[in-house]
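All residue numbers refer to positions in the sequence shown, counting from 1.
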Amino acid sequence: MRVRAATLAGGLLGLVGTLCFFLAFGTDYWLVASDNCGPYTWPTQTMPIKDANGNEIQLVEAVTASPPSLTLHHEGFLWRCAFRVEPAAHVTLATLFTNQPESKVCIHGYLFPLPVAMGQVPHPRYDATAVFRGFWTVLIILGLVAALTGGFLLVCGVPFASHKLYKLGGAFLIASACFFLFTLLLYVLWMEAVDVRRYVLQERGDACPHPQVSVLYGLSFMVAAAGVPLELVSGMVFMLVGRALRGGN
């Protein structure tokens with residue numbers, strides 16, 4: 001009875017953890033950023049007039065202009081997107097699916113979450129961080145493959161009550177959690193150690209001497225972080241179930 005309850009609990013935890021991993025992989029909200037960099041100026045008009053003595057006076061008239069808008073960015077493994085919103089918009093809420101405008105521009109981002117060079121390869125601005133690209137790509141794919149393999153082995157092991165399949169499936173789930181944990185650690189290292197603001201601006205940064213850039217951890221990152229302990233506990237539970245089945249035999 002205890003073994004069945006542990007199996008059910010481990011299966012539910014593993015299912016939720018695997019769904020978190022796939023949700024983090026399929027959504028483009030690892031990095032959420034905003035900047036005010038854009039071709040906005042506040043022009044003035046100078047109008048010469050004459051006073052009562054005939055002296056010419058330069059009258060400066062300010063021209064009313066609309067306030068500069070914000071450029072919002074969000075990206076993940078598959079896509080890197082950007083669009084413009086009003087300055088008062090909340091960054092996280094504006095990047096949700098239901099609030100994005102039709103004018104949003106997206107490019108492929110398979111080397112998440114580092115730059116996808118739109119010109120020279122490798123891009124000279126971001127070559128210092130190129131070493132992380134392959135690691136992140138390989139780790140997240142290995143994590144998904146390990147989670148699927150572990151789930152398949154556990155499904156096959158239930159009808160036969162095979163302790164070997166339980167232990168092997170649990171080991172794959174633990175490996176999946178470790179792969180995603182390393183992915184998260186490398187992502188945090190990139191966010192904290194690399195000039196992410198320069199990456200967000202890219203070539204537009206040359207025209208903005210003092211831009212205001214806000215960089216946030218997105219919902220995809222948080223979902224992946226929530227899936228790691230669930231997958232890890234699930235793997236440990238199935239390892240213990242396999243050990244209990246072996247002892248019972």
Could you give the distance from CG (L144) to CZ (F21), rounded to the nearest 0.5 Å? 8.5 Å

Straight-line distance of L184 CG to L189 CG, nearest 0.5 Å: 12.5 Å

What I'd like to find out is whether the side chain of V138 reaches to under 4.5 Å of the side chain of L142, using heavy atoms alone. yes

Starting from V223, can I reach L13 by hopping between I/L/V/M/F/W/Y residues whose side chains sit under 4.5 Å apart? no

Side chains of F221 and V188: closer than 4.5 Å at any heavy-atom pair? yes

Are side-chain heavy atoms of Y187 and L31 found at a separation under 4.5 Å? yes

Is there a path of hydrophobic side-chain contacts, each under 4.5 Å between heavy atoms, that joins W190 and L186? yes

What pair of heavy atoms forms the shortest contact from M239 to K167, and how long is it? SD-O, 3.0 Å

Side chains of H73 and D35: does their closest heavy-atom pair fall under 4.5 Å? yes

Test item: V145 and F179 side chains (from C-beta on) under 4.5 Å apart, heavy atoms: no

Quick one: pull up OG1 in T183 and CD1 in I140 and give me the separation to the nearest 0.5 Å. 6.0 Å

Could you measure the distance from the CG atom of L245 to the OG1 atom of T7? Nearest 0.5 Å is fine. 7.0 Å

Find out whether L219 and T27 are in side-chain contact, i.e. whether some heavy atom of one side chain is under 4.5 Å from a heavy atom of the other. no

Are V228 and I141 connected in the hydrophobic side-chain network, where two residues link if heavy atoms are under 4.5 Å apart? yes

Does L148 share a hydrophobic cluster with L23, counting links as ILVMFWY side-chain heavy atoms below 4.5 Å and allowing steps through other members? no

Quick check: does any side chain N or O of S176 sit under 3.5 Å from a backbone N or O of F172, one acting as donor and the other as acceptor? no

Heavy-atom nearest pair, F83 first then H74, reads CE2-CD2, 4.0 Å

Do E231 and F180 touch side chain to side chain, with heavy atoms closer than 4.5 Å? no

Could you walk me through whether L232 and I174 pass the side chain to side chain contact (heavy atoms under 4.5 Å, CB included) test, one step at a time? CA-CA 5 Å; L232 184 61; I174 293 175; 3.9 Å; yes

Does the S234 side chain pair with the main chain of L230, one donor and one acceptor, at a distance under 3.5 Å? no

Quick one: closest heavy-atom pair of F238 and L173, and the distance? CD1-CD1, 4.1 Å

Is V241 reachable from V16 through a run of hydrophobic residues whose side-chain heavy atoms are each under 4.5 Å from the next? yes

More than 12 foreign heavy atoms under 6.0 Å from CE of M236: is that the case here? no

Minimal non-hydrogen separation, E192 against Y217, with atom names: OE2-OH, 2.8 Å

Mind listing the closest non-hydrogen atom pair of A244 and V3 along with its distance? CB-CG2, 4.4 Å

Using a 4.5 Å cut-off on heavy atoms from C-beta on, say whether the side chain of F135 contacts that of F182. no

For the student: nearest non-hydrogen atoms of A224 and W30, plus distance: CB-CH2, 3.8 Å

